[in-house]
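One-based numbering, in listed order, for ligands and for the atoms of each. We number each residue from 1, following the sequence as shown. Hydrogens, waters and symmetry mates play no part in the numbers below; they use all other heavy atoms, side chains included.
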Amino acid sequence: MSVVLGVLRLPHGRDMRIPIYETEHAAGLDIMAAIPEDKPLNLAPGQRELVSTGLVLEVPAGFEAQVRPRSGLALKHGVTVLNSPGTIDADYRGEVKVLLINLGQVAFEIRRGDRIAQLVVAPVSQVEVVLVETVTDTGRGEGGFGSTGSSA
Ligand SMILES: O=c1ccn([C@H]2C[C@H](O)[C@@H](COP(=O)(O)OP(=O)(O)OP(=O)(O)O)O2)c(=O)[nH]1
């Protein structure tokens with residue numbers, strides 16, 4: 001059974017391409033900047049910006065949509081999603097926005113229609129939270145943060 005992702009285009013995103021999987025087994029749906037044609041975004045080094053996509057999603061219950069960076073933008077320009085992976089909750093009905101940051105050395109220009117991030121729809125579990133007085137013993141115990149080896 002296929003999982004259906006509802007995609008509503010807001011007025012400022014009406015001419016945007018509907019996100020599609022670019023290859024047969026792609027995990028991510030590319031999403032575009034729905035910023036005004038005549039107002040490209042100039043992201044200075046170190047600057048972060050919340051970028052409109054013009055999209056409202058209806059994520060099915062039991063799933064989330066994750067906003068993830070595009071690796072090409074990260075490699076070539078140092079531009080990434082600051083809060084990666086951003087979480088789009090199934091009950092969120094606002095516009096999907098992408099929090100981009102320029103970690104590169106030079107300014108990066110974003111124009112309307114540029115692919116700025118990708119969405120991965122993934123199942124989530126809501127658990128029952130139970131307060132306990134003790135937790136079970138394990139071989140790892142309290143070891144963490146590199147406790148299992150000398151390499152970084
Ligand atoms: O990259 C993101 C992350 C979140 N959201 C939207 C969808 C999400 O359902 C909502 C809330 O996100 P989150 O729970 O991460 O934010 P918060 O800072 O905890 O705010 P809130 O108090 O609204 O939950 O904001 C986006 O559009 N893009």
Could you list which atoms of ligand 1 come closer than 4.0 Å to a heavy atom of [X]?
X	answer
G86	1 (O)
T87	3 (C), 4 (C), 5 (N), 7 (C), 8 (C), 9 (O), 12 (O)
E95	27 (O)

Does [X] come within less than 4.0 Å of [Y], counting only side-chain N to carboxylate O?
X	Y	answer
E37	R111	no
E22	R17	yes
D15	R112	yes

Worksheet item: Is the shortest distance from a heavy atom of L99 to ligand 1 less than 4.0 Å?
Response: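 So L99 does not count as touching ligand 1.
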Fill in: atom 25 (O) of ligand 1: the protein heavy-atom neighbour that sits closest, reported with distance to 0.1 Å
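Result: Y92 CE1, 3.9 Å.
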Worksheet item: Quick one: nearest non-hydrogen protein atom to atom 27 (O) of ligand 1, plus distance?
Response: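 Its nearest protein heavy-atom neighbour is K97 N, 3.0 Å.
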Discussion item. Measuring from atom 1 (O) of ligand 1, which candidate in N83, V51, V59 has the nearest non-hydrogen atom?
Written reply: N83
Item to complete: Going by heavy-atom distance to atom 11 (C) of ligand 1, choose the closest among D89, V98, V96.
Response: D89
Worksheet entry | Pairwise side-chain contact, V56 with L10, heavy-atom cut-off 4.5 Å (strictly under) | yes
Discussion item. Measuring only between side-chain heavy atoms, which start at C-beta, is I116 closer than 4.5 Å to V81?
Written reply: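 SC-SC contact between I116 and V81 ruled out.
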Discussion item. Can you check atom 9 (O) of ligand 1: any protein non-hydrogen atom closer than 4.0 Å?
Written reply: yes
Item to complete: Please identify each residue that fulfils side chain to side chain donor-acceptor pair (under 3.5 Å) with R48, with sequence neighbours left out.
Response: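 Testing R48 for side chain to side chain donor-acceptor pair (under 3.5 Å), a comparison that skips the adjacent residues, returns none.
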